[in-house]
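Every chain is numbered from 1 and lettered A, B, ... according to where its sequence line falls, protein lines coming before strand lines.
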There are 2 protein chains.
Amino acid sequence: MTNLPAHHSNDVDDCAFRSFLDRVADKWSLLLIVTLENAPKQRRRFSELKKSVPGISQRMLTTTLRNLERDGLLVRHFFPEIPPRVEYELTTLGKNLMCPIGELVQWIRQNWTTITNARNEFDKNNMAKSTGVKEC
Amino acid sequence: MTNLPAHHSNDVDDCAFRSFLDRVADKWSLLLIVTLENAPKQRRRFSELKKSVPGISQRMLTTTLRNLERDGLLVRHFFPEIPPRVEYELTTLGKNLMCPIGELVQWIRQNWTTITNARNEFDKNNMAKSTGVKEC
DNA sequence: TCACTTAGTTACCTTGAGGGAACCTATGAC
DNA sequence: GTCATAGGTTCCCTCAAGGTAACTAAGTGA
């Protein structure tokens, strides 16, 4: 998601909405938020997060955490020990965000079979024209 | 957003959630859904959509519409006239989706200044280390 | 002296998303 | 004959997201 063209005609809030989604609506951000929310005491160390979110690279873990911190959704507690220890924790804002996210998850859960059925139907009618979508 | 590694340890619904967001949580999909929802009679022609969502390329418009259709979020009404006429319309499912999306929009609207303040604060403290984020 | 620890940073490289422009279809108007 | 029209499709090319691997700090234990 890049910048808007200057002449766009949509709602002013589009900017906020899109800018926010740009940050949060990706694989790793959401997984990290959910993982932190489910964590005991809602805190997790860097290495714990790496284990809890398999497949994430160290680079993406740091950059995603940094971005979430930048948005005020989590705080980074740094303990200057050797070896260093860092704990990540959702802020009130971050926990707060889980409400609408939860609503969305609920909606998807309720409608997921409808959607997959629609996809199958569509794919059948369009005779396996590749859509670039993989099952997981 | 790509596939999950086979060994992931998270909730089963992660797949649905991520797969769905993968499809819907991008710039063009959301803008098209909102545009269709705001349209009179909730219908729009291809060319109208192109005007209503400035900046979208023809290619992205078609592929995004195709994907939304595949998910059963909208229907494509094709009139075999010359020149051809096509109208896109949100399905019940698509309109339905606007509820949780609306909640999220509400949340962002309410917390947007908090977030931008957090960003500014963070950027100030981190002395303009580039985060790759542009204002819009 | 060496290996090992955590939480990163940096450099390098690959892949795919997406932009731009040309092309396509059939018909009616000029 | 050729232009325009609506709704696409196709090709090419770029740029940036993100993966991998190597490097770092500073202390501890063998």
Side-chain angles (χ1 to χ4, degrees), chain A residues 1-5 8 18 21-32 43-70 74-89 126 129-134, chain B residues 1-5 18 21-32 43-70 74-89 126-127 129-134:
Chain A
M1 214 187 267
T2 53
N3 280 350
L4 282 171
H8 80 115
R18 286 164 59 172
L21 284 173
D22 200 16
R23 169 96 318 131
V24 158
D26 67 301
K27 181 158 85 175
W28 303 131
S29 296
L30 283 167
L31 284 174
L32 286 176
R43 274 184 180 225
R44 287 262 159 130
R45 298 184 61 175
F46 185 86
S47 50
E48 291 172 348
L49 288 172
K50 202 161 72 168
K51 279 170 209 151
S52 300
V53 184
I56 194 170
S57 67
Q58 205 154 6
R59 202 172 67 89
M60 283 317 290
L61 182 52
T62 42
T63 65
T64 307
L65 286 170
R66 224 43 99 243
N67 283 331
L68 292 174
E69 187 193 1
R70 193 177 101 105
L74 56 77
V75 269
R76 181 177 179 270
H77 302 285
F78 174 69
F79 303 92
E81 306 166 352
I82 299 290
R85 184 161 59 94
V86 175
E87 287 180 6
Y88 291 92
E89 185 185 14
N126 290 268
K129 284 178 190 171
S130 170
T131 56
V133 175
K134 303 155 199 160
Chain B
M1 213 186 269
T2 54
N3 281 351
L4 282 174
R18 285 163 58 172
L21 284 173
D22 200 15
R23 169 96 319 131
V24 159
D26 66 302
K27 180 159 84 174
W28 302 131
S29 296
L30 284 166
L31 283 175
L32 286 177
R43 275 183 178 228
R44 286 262 161 133
R45 298 184 62 172
F46 184 87
S47 49
E48 290 172 349
L49 288 171
K50 203 160 72 166
K51 279 171 210 151
S52 300
V53 184
I56 194 169
S57 67
Q58 204 155 5
R59 203 174 65 87
M60 284 317 290
L61 182 53
T62 41
T63 66
T64 308
L65 285 170
R66 224 43 99 244
N67 285 330
L68 292 174
E69 188 193 1
R70 194 177 99 102
L74 55 78
V75 270
R76 180 176 181 272
H77 302 286
F78 174 69
F79 304 91
E81 310 166 352
I82 299 290
R85 185 161 59 95
V86 175
E87 288 182 4
Y88 291 93
E89 184 185 16
N126 290 267
M127 286 301 186
K129 284 178 190 172
S130 171
T131 56
V133 174
K134 303 156 198 158

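For the pair A:Thr63 and A:Met60, the tightest heavy-atom approach, listed with the atom from each and the gap, is OG1-O, 3.3 Å.
Toward the 5′ end of DNA chain D lies the nearest nucleotide of B:Pro83, the other residue of the pair A:Arg59 and B:Pro83 mapping further downstream. With DNA chain D read from its 5' end, the first of the two nearest nucleotides for A:Met60 and B:Glu48 is the one closest to B:Glu48.
Here the C1' atom of nucleotide D:dA25 and the CZ atom of A:Phe78 are 10 Å apart, to the nearest Å. A straight line from CD of B:Gln58 to P of D:dT10 spans 13 Å, rounded to a whole angstrom. For the pair A:Lys50 NZ and D:dG19 P, the computed distance is 13 Å after rounding to whole Å. When rounded to the nearest whole Å, the span between CG of A:Asp22 and P of D:dA17 equals 9 Å. At whole-Å resolution of the value, CG in A:Leu49 and P in C:dT6 are 14 Å apart. Straight-line distance from the NE2 atom of B:His77 to the C1' atom of D:dA6: 17 Å, rounded to whole Å. Separating the CZ atom of B:Phe79 from the C1' atom of C:dA26 is a distance of 18 Å, rounded to the nearest angstrom. The CG atom of A:Leu65 sits 16 Å away from the P atom of C:dT6 (whole-angstrom rounding).
Taking CG of A:Leu32 as the reference point, atom CG of A:Leu61 lies at 6.0 Å (rounded to 0.5 Å).
Contacts of A:Tyr88 with the nucleic acid, taken as non-hydrogen atoms under 4.0 Å apart, involve only primed sugar atoms and P, OP1 or OP2. Among the atoms of the strands shown, none is found under 4.0 Å from any heavy atom of A:Glu81.
With C:dG8, C:dG19, D:dA6 as the choices, the nucleotide that has an atom nearest any side-chain atom of B:Arg45 turns out to be D:dA6. Checking C:dT9, C:dA7, D:dG7 against the side-chain heavy atoms of B:Arg85 singles out D:dG7 as nearest. Listed nucleotides C:dA26, D:dG8, D:dG18 differ in distance to B:Arg66; the shortest reach to its side chain belongs to D:dG8. With distances taken from any side-chain atom of B:Ile82 to the nucleotides D:dG7, C:dT27, D:dT9, the minimum falls on C:dT27. Checking C:dG8, D:dG19, C:dT6 against the side-chain heavy atoms of A:Pro84 singles out C:dT6 as nearest. Nearest to the side-chain atoms of A:Val86 among the listed nucleotides D:dG8, D:dG27, C:dA7 stands C:dA7.
OP1 and OP2 of D:dG18 both lie 4.0 Å or more from every side-chain N or O belonging to A:Thr63. Residue A:Thr62 places none of its side-chain N or O atoms closer than 4.0 Å to OP1 or OP2 of C:dA7.
The cationic group of B:Arg44 does not satisfy the cation-pi geometry with B:Tyr88, failing either the under 6.0 Å distance to the six-membered ring centre or the 45° limit from the ring axis.
The pair A:Arg76-A:Glu69 fails the salt-bridge criterion, with no side-chain N (NZ, NE, NH1 or NH2) lying under 4.0 Å from an Asp/Glu carboxylate O. The pair B:Glu87-B:Arg45 does not meet the salt-bridge criterion, since no charged nitrogen lies less than 4.0 angstrom from a carboxylate oxygen.
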